[in-house]
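Have a look at the structure below, then the notes.
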Amino acid sequence: MDAAIMNGANKKCGAVAGVRTIKNPVSAARMVMDNSDHVLLSQRGAEQFAAEHGLTMVDTSYFYTQYRWDQLQKAIAKDTIELDHSDTTGYYQNDDIPDNKFGTVGCVALDKFGNLAAATSTGGITNKKYNRIGDSPLIGCGTYADNKTCAISCTGKGEDFIRIVAAYDIAALMKYKSLSLKASTDYVILTKLKQIKGRGGCIAIDKAGHIAMPFTTEGMFRGYIDTQGKLKVLIYKL
Ligand code: ASP
(Lines give C-alpha, C1' and ligand atoms only; values in the text may rest on other atoms or scores of the structure.)
Protein backbone atom coordinates (compact mmCIF):
# COMPACT_ATOMS: atom_id res chain seq x y z
CA MET A 1 0.00 0.00 0.00
CA ASP A 2 1.02 3.59 -0.64
CA ALA A 3 -0.36 6.75 0.99
CA ALA A 4 0.33 10.47 1.22
CA ILE A 5 -1.03 13.56 2.93
CA MET A 6 -0.32 17.26 2.40
CA ASN A 7 -1.19 20.40 4.33
CA GLY A 8 -1.67 23.30 1.94
CA ALA A 9 -1.19 25.90 4.69
CA ASN A 10 2.48 25.16 5.28
CA LYS A 11 3.47 22.71 2.51
CA LYS A 12 4.16 20.05 5.09
CA CYS A 13 3.62 16.57 3.76
CA GLY A 14 4.25 12.93 4.55
CA ALA A 15 4.02 9.64 2.71
CA VAL A 16 4.63 5.91 2.96
CA ALA A 17 5.20 3.51 0.09
CA GLY A 18 5.21 -0.24 -0.31
CA VAL A 19 3.89 -1.00 3.19
CA ARG A 20 2.12 -4.27 4.00
CA THR A 21 1.35 -4.31 7.71
CA ILE A 22 0.19 -0.82 8.66
CA LYS A 23 -3.57 -0.92 9.26
CA ASN A 24 -4.15 2.66 8.14
CA PRO A 25 -1.34 3.79 5.82
CA VAL A 26 -2.68 7.34 5.61
CA SER A 27 -2.24 7.66 9.39
CA ALA A 28 1.38 6.62 8.90
CA ALA A 29 1.71 9.29 6.21
CA ARG A 30 0.42 11.84 8.67
CA MET A 31 2.81 10.54 11.32
CA VAL A 32 5.70 11.02 8.89
CA MET A 33 4.49 14.58 8.24
CA ASP A 34 4.05 15.48 11.91
CA ASN A 35 6.81 13.49 13.60
CA SER A 36 9.77 13.06 11.28
CA ASP A 37 12.27 15.10 9.30
CA HIS A 38 11.36 13.21 6.16
CA VAL A 39 8.62 13.23 3.56
CA LEU A 40 8.57 9.69 2.15
CA LEU A 41 9.39 6.47 3.99
CA SER A 42 9.22 3.09 2.31
CA GLN A 43 8.66 -0.59 3.00
CA ARG A 44 10.12 -2.08 6.17
CA GLY A 45 11.55 1.21 7.36
CA ALA A 46 8.14 2.82 7.07
CA GLU A 47 6.58 -0.09 8.97
CA GLN A 48 9.20 0.16 11.68
CA PHE A 49 8.56 3.90 11.98
CA ALA A 50 4.79 3.32 12.21
CA ALA A 51 5.16 0.62 14.86
CA GLU A 52 7.58 2.77 16.89
CA HIS A 53 5.07 5.62 16.81
CA GLY A 54 2.25 3.46 18.13
CA LEU A 55 0.18 2.93 15.00
CA THR A 56 -1.87 -0.26 14.72
CA MET A 57 0.01 -3.00 12.90
CA VAL A 58 -1.74 -6.02 11.38
CA ASP A 59 -0.90 -9.27 9.66
CA THR A 60 -1.15 -9.10 5.88
CA SER A 61 -4.16 -11.45 6.11
CA TYR A 62 -6.12 -8.49 7.52
CA PHE A 63 -6.31 -7.10 3.99
CA TYR A 64 -7.44 -10.34 2.35
CA THR A 65 -10.73 -10.42 0.48
CA GLN A 66 -11.85 -13.21 -1.83
CA TYR A 67 -12.82 -10.72 -4.50
CA ARG A 68 -9.40 -9.09 -4.68
CA TRP A 69 -7.66 -12.46 -4.47
CA ASP A 70 -9.66 -13.74 -7.44
CA GLN A 71 -8.92 -10.54 -9.31
CA LEU A 72 -5.20 -11.04 -8.70
CA GLN A 73 -5.31 -14.65 -9.88
CA LYS A 74 -7.05 -13.52 -13.04
CA ALA A 75 -4.41 -10.87 -13.64
CA ILE A 76 -1.60 -13.34 -13.00
CA ALA A 77 -3.19 -15.82 -15.38
CA LYS A 78 -3.55 -13.19 -18.05
CA ASP A 79 0.07 -12.19 -17.72
CA THR A 80 1.28 -15.69 -18.42
CA ILE A 81 -1.15 -16.05 -21.27
CA GLU A 82 -0.49 -12.69 -22.85
CA LEU A 83 3.20 -12.02 -22.30
CA ASP A 84 6.12 -13.24 -20.34
CA HIS A 85 6.86 -9.65 -19.45
CA SER A 86 3.74 -8.48 -17.77
CA ASP A 87 2.13 -5.29 -18.92
CA THR A 88 -0.55 -4.02 -16.57
CA THR A 89 -1.78 -1.60 -19.21
CA GLY A 90 -3.25 -4.56 -21.04
CA TYR A 91 -4.95 -5.64 -17.87
CA TYR A 92 -6.62 -2.31 -17.29
CA GLN A 93 -7.70 -1.84 -20.87
CA ASN A 94 -9.26 -5.24 -21.13
CA ASP A 95 -12.99 -4.75 -21.59
CA ASP A 96 -13.93 -8.18 -20.32
CA ILE A 97 -12.83 -7.22 -16.83
CA PRO A 98 -16.04 -5.75 -15.41
CA ASP A 99 -14.31 -3.94 -12.57
CA ASN A 100 -12.82 -1.39 -14.90
CA LYS A 101 -12.33 1.14 -12.15
CA PHE A 102 -9.48 2.02 -9.83
CA GLY A 103 -9.39 1.47 -6.11
CA THR A 104 -7.62 4.43 -4.63
CA VAL A 105 -9.22 6.41 -1.81
CA GLY A 106 -8.60 10.14 -1.93
CA CYS A 107 -9.85 13.14 -0.03
CA VAL A 108 -9.46 16.87 -0.49
CA ALA A 109 -10.78 19.47 1.94
CA LEU A 110 -11.14 23.21 2.49
CA ASP A 111 -11.78 24.46 6.03
CA LYS A 112 -13.45 27.67 7.15
CA PHE A 113 -10.07 29.34 7.60
CA GLY A 114 -9.18 28.79 3.95
CA ASN A 115 -6.80 25.90 4.58
CA LEU A 116 -6.60 23.22 1.92
CA ALA A 117 -5.45 19.63 2.42
CA ALA A 118 -5.21 16.46 0.34
CA ALA A 119 -4.68 12.79 1.14
CA THR A 120 -4.52 9.63 -0.96
CA SER A 121 -4.30 5.96 0.02
CA THR A 122 -4.09 2.94 -2.28
CA GLY A 123 -3.20 -0.70 -2.72
CA GLY A 124 -1.75 0.31 -6.08
CA ILE A 125 -2.48 -1.74 -9.16
CA THR A 126 -3.30 -5.45 -9.26
CA ASN A 127 -0.38 -7.77 -9.89
CA LYS A 128 2.26 -5.06 -9.49
CA LYS A 129 5.81 -6.35 -9.30
CA TYR A 130 9.36 -5.46 -8.27
CA ASN A 131 8.22 -3.21 -5.41
CA ARG A 132 6.49 -0.96 -7.92
CA ILE A 133 5.32 2.32 -6.40
CA GLY A 134 2.62 4.47 -7.96
CA ASP A 135 1.75 8.13 -8.01
CA SER A 136 -0.27 8.24 -4.79
CA PRO A 137 2.65 8.65 -2.33
CA LEU A 138 4.57 10.97 -4.66
CA ILE A 139 3.87 14.56 -3.71
CA GLY A 140 2.99 16.54 -6.82
CA CYS A 141 2.03 13.45 -8.83
CA GLY A 142 -0.97 11.84 -7.11
CA THR A 143 -1.34 14.18 -4.15
CA TYR A 144 -0.82 17.93 -3.69
CA ALA A 145 -2.21 20.87 -1.70
CA ASP A 146 -1.37 24.56 -1.60
CA ASN A 147 -3.56 27.19 0.10
CA LYS A 148 -2.80 29.60 -2.75
CA THR A 149 -4.42 27.36 -5.35
CA CYS A 150 -6.03 23.99 -4.71
CA ALA A 151 -5.90 20.50 -3.21
CA ILE A 152 -5.74 17.45 -5.52
CA SER A 153 -5.93 13.68 -5.15
CA CYS A 154 -5.58 11.47 -8.23
CA THR A 155 -6.60 7.94 -9.15
CA GLY A 156 -5.71 5.86 -12.17
CA LYS A 157 -2.66 4.18 -13.61
CA GLY A 158 0.03 5.79 -11.49
CA GLU A 159 2.74 5.67 -14.14
CA ASP A 160 0.73 8.06 -16.31
CA PHE A 161 0.19 10.50 -13.46
CA ILE A 162 3.89 10.41 -12.61
CA ARG A 163 4.82 11.11 -16.23
CA ILE A 164 2.74 14.28 -16.37
CA VAL A 165 3.30 15.29 -12.70
CA ALA A 166 -0.46 15.63 -12.65
CA ALA A 167 -1.37 17.08 -9.26
CA TYR A 168 1.31 19.78 -9.23
CA ASP A 169 0.60 20.64 -12.85
CA ILE A 170 -3.01 21.45 -11.97
CA ALA A 171 -1.89 23.73 -9.14
CA ALA A 172 0.80 25.31 -11.36
CA LEU A 173 -1.71 26.14 -14.10
CA MET A 174 -3.82 27.95 -11.53
CA LYS A 175 -0.84 29.73 -10.03
CA TYR A 176 1.14 30.75 -13.10
CA LYS A 177 -1.61 31.03 -15.73
CA SER A 178 -4.49 32.03 -13.45
CA LEU A 179 -6.69 29.27 -14.90
CA SER A 180 -9.80 28.22 -12.98
CA LEU A 181 -9.88 24.91 -11.15
CA LYS A 182 -12.13 23.47 -13.82
CA ALA A 183 -9.93 24.64 -16.70
CA SER A 184 -6.77 23.33 -14.98
CA THR A 185 -8.17 19.92 -14.08
CA ASP A 186 -9.82 19.53 -17.50
CA TYR A 187 -6.56 20.37 -19.25
CA VAL A 188 -4.42 18.00 -17.19
CA ILE A 189 -6.87 15.08 -17.02
CA LEU A 190 -8.89 15.38 -20.21
CA THR A 191 -6.15 16.68 -22.51
CA LYS A 192 -2.66 15.86 -21.17
CA LEU A 193 -3.52 12.52 -19.58
CA LYS A 194 -5.49 11.52 -22.66
CA GLN A 195 -2.58 12.49 -24.93
CA ILE A 196 -0.46 9.79 -23.32
CA LYS A 197 -3.46 7.40 -23.31
CA GLY A 198 -3.59 7.64 -19.53
CA ARG A 199 -6.57 6.41 -17.61
CA GLY A 200 -7.99 7.84 -14.41
CA GLY A 201 -9.11 11.07 -12.85
CA CYS A 202 -8.80 13.39 -9.89
CA ILE A 203 -10.81 15.08 -7.20
CA ALA A 204 -9.96 18.72 -6.58
CA ILE A 205 -11.11 21.70 -4.55
CA ASP A 206 -9.79 25.25 -4.77
CA LYS A 207 -9.39 28.00 -2.19
CA ALA A 208 -12.83 29.41 -3.08
CA GLY A 209 -14.52 26.04 -2.59
CA HIS A 210 -15.04 25.15 -6.25
CA ILE A 211 -15.01 21.41 -6.83
CA ALA A 212 -13.83 19.56 -9.96
CA MET A 213 -13.70 15.79 -10.49
CA PRO A 214 -12.86 14.98 -14.14
CA PHE A 215 -11.90 11.47 -15.28
CA THR A 216 -11.19 9.58 -18.48
CA THR A 217 -12.57 6.21 -17.35
CA GLU A 218 -16.18 5.01 -17.63
CA GLY A 219 -16.79 5.81 -14.00
CA MET A 220 -15.13 7.13 -10.86
CA PHE A 221 -16.70 6.73 -7.42
CA ARG A 222 -16.80 10.20 -5.96
CA GLY A 223 -18.75 12.46 -3.67
CA TYR A 224 -18.69 15.80 -1.93
CA ILE A 225 -20.31 17.70 0.91
CA ASP A 226 -20.63 21.48 0.90
CA THR A 227 -20.91 24.08 3.64
CA GLN A 228 -24.69 23.71 3.72
CA GLY A 229 -24.27 19.99 4.32
CA LYS A 230 -25.47 19.09 0.84
CA LEU A 231 -24.11 15.64 0.07
CA LYS A 232 -23.69 14.24 -3.43
CA VAL A 233 -22.44 10.81 -4.46
CA LEU A 234 -21.67 9.97 -8.09
CA ILE A 235 -20.24 7.09 -10.11
CA TYR A 236 -20.65 7.74 -13.82
CA LYS A 237 -20.35 10.89 -15.89
CA LEU A 238 -23.06 13.49 -15.38
N1 ASP B 1 -2.97 5.48 -8.70
C2 ASP B 1 -2.83 4.19 -8.07
C3 ASP B 1 -1.49 3.61 -8.45
O4 ASP B 1 -1.13 3.66 -9.61
C5 ASP B 1 -3.88 3.22 -8.40
C6 ASP B 1 -5.28 3.65 -8.22
O7 ASP B 1 -5.61 4.81 -8.42
O8 ASP B 1 -6.10 2.80 -7.89
O9 ASP B 1 -0.84 3.04 -7.60
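This one's a predicted model, so the numbers in the text were calculated from it and none came from an experiment. Heavy atoms only: backbone and side chains are in, while hydrogens, waters and symmetry mates are out.
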Can you spot which of T120, D135, T122 makes a side-chain hydrogen bond (donor to acceptor under 3.5 Å, both in side chains) with T104? T122

I need the D59 CG to T21 OG1 distance, nearest 0.5 Å. 8.5 Å

Heavy-atom pair with the smallest gap, counting every atom of L181 and A212: CD2-N, 3.7 Å

Over all heavy atoms of both residues, which pair between G198 and D160 is shortest? Give the atoms and the distance, please. CA-OD2, 3.2 Å

Sub-4.5 Å side-chain heavy-atom contact between F49 and S36: yes

Is any side-chain N of the basic residue among E159 and R132 closer than 4.0 Å to the acidic one's carboxylate O? yes

Please answer: with hydrophobic residues joined when any side-chain heavy atoms are less than 4.5 Å apart, are V165 and I196 in the same cluster? no

Run the side-chain contact (heavy atoms from CB on, under 4.5 Å) test against D111 and tell me which residues pass, sequence neighbours left out. F113, N115

Atom NZ of residue position K232 - does it have more than 12 heavy atoms of other residues, nucleotides or ligands inside 6.0 Å? no

Assess whether a salt bridge exists between D169 and K192, defined as any Lys/Arg side-chain N lying under 4.0 Å from an Asp/Glu carboxylate O. yes

Hey, could you give me the CG/OG1 distance between L190 and T185, rounded to the nearest 0.5 Å? 7.5 Å

Could you measure the distance from the CE atom of M174 to the NE2 atom of H210? Nearest 0.5 Å is fine. 9.0 Å

Stepwise side chain to side chain contact (heavy atoms under 4.5 Å, CB included) test for T149 and K207: CA-CA 6 Å; T149 52; K207 60 181 180 177; over 6 Å; no

State whether the side chain of D2 and the backbone N or O of A17 hold a donor-acceptor pair below 3.5 Å, judged by distance alone. no

Side chain proximity check, S153 to C107, heavy atoms < 4.5 angstrom: no

If we ignore hydrogens and angles and just use 3.5 Å, is the side chain of T216 paired with the main-chain N or O of G200 as donor and acceptor? yes

Quick one, M57 with E47, criterion side chain to side chain contact (heavy atoms under 4.5 Å, CB included). Give me CA distance, side-chain angles, the key distance, then yes/no. CA-CA 8 Å; M57 308 301 289; E47 292 174 346; 4.0 Å; yes

What heavy-atom pair brings D146 and K175 nearest, and what distance separates the two atoms? OD2-NZ, 4.4 Å

V39 side chain reached by I139 side chain, heavy atoms, under 4.5 Å: yes

Quick one: does I203's side chain get under 4.5 Å of M220's, heavy atoms only? yes

Could you pull out the closest heavy-atom pair between I235 and F215, with the gap in Å? O-CZ, 4.0 Å

Go through the structure and list residues passing side-chain contact (heavy atoms from CB on, under 4.5 Å) with Q66, not counting sequence neighbours. Y64, W69, D70

Could you tell me if the side chain of M213 sits less than 4.5 Å from the side chain of Y224, heavy atoms only? yes

With sequence neighbours left out, what residues match L110 under side-chain contact (heavy atoms from CB on, under 4.5 Å)? L116, I205

Correct closest heavy-atom pair for V19 and V16 would be CG1-CB, 4.0 Å

Any side-chain heavy-atom pair of N7 and C13 under 4.5 Å: no

Tell me whether Y62 shares a hydrophobic cluster with M1, the cluster being built from Ile, Leu, Val, Met, Phe, Trp, Tyr side chains joined at under 4.5 Å. yes

Closest heavy-atom pair, A50 versus I22, reported as atoms and distance to 0.1 Å, is CB-CD1, 3.6 Å

List the residues meeting salt bridge (Lys or Arg N to Asp or Glu O under 4.0 Å) with R222, not counting sequence neighbours, and say none if there are none. none

Okay, side chain of K157, backbone of G134: is any donor-acceptor separation there less than 3.5 Å? no

T143 and I5, any side-chain heavy atoms less than 4.5 Å apart: no

Donor-acceptor contact below 3.5 Å, side chain T191 vs main chain V188: no

Same apolar cluster (I L V M F W Y, side chains within < 4.5 Å links), Y236/F221: yes

Are any of the side-chain heavy atoms of M33 and H38 separated by less than 4.5 Å? no

Show me the donor-acceptor pairs, under 3.5 Å and distance only, between side chains in residues 25-32 and residues at least two apart or in other chains.
unit_1, atom_1, unit_2, atom_2, d
R30, NE, D34, OD2, 3.1

With no hydrogens and no angle check, do the side chains of Q48 and E52 hold a donor and an acceptor under 3.5 Å apart? yes

Give the cluster check for F161 versus I125: same hydrophobic cluster or not, with ILVMFWY residues linked at side-chain heavy-atom distances below 4.5 Å. no

Apply side chain to side chain contact (heavy atoms under 4.5 Å, CB included) to K11 and M6, showing your working. CA-CA 7 Å; K11 301 275 176 49; M6 184 160 188; 3.8 Å; yes

side-chain contact (heavy atoms from CB on, under 4.5 Å) filter on A167, not counting sequence neighbours, yields Y144, I152, C154

Under the side chain to side chain contact (heavy atoms under 4.5 Å, CB included) criterion, do L138 and I162 qualify, and how do the steps go? CA-CA 8 Å; L138 303 183; I162 294 169; 3.7 Å; yes

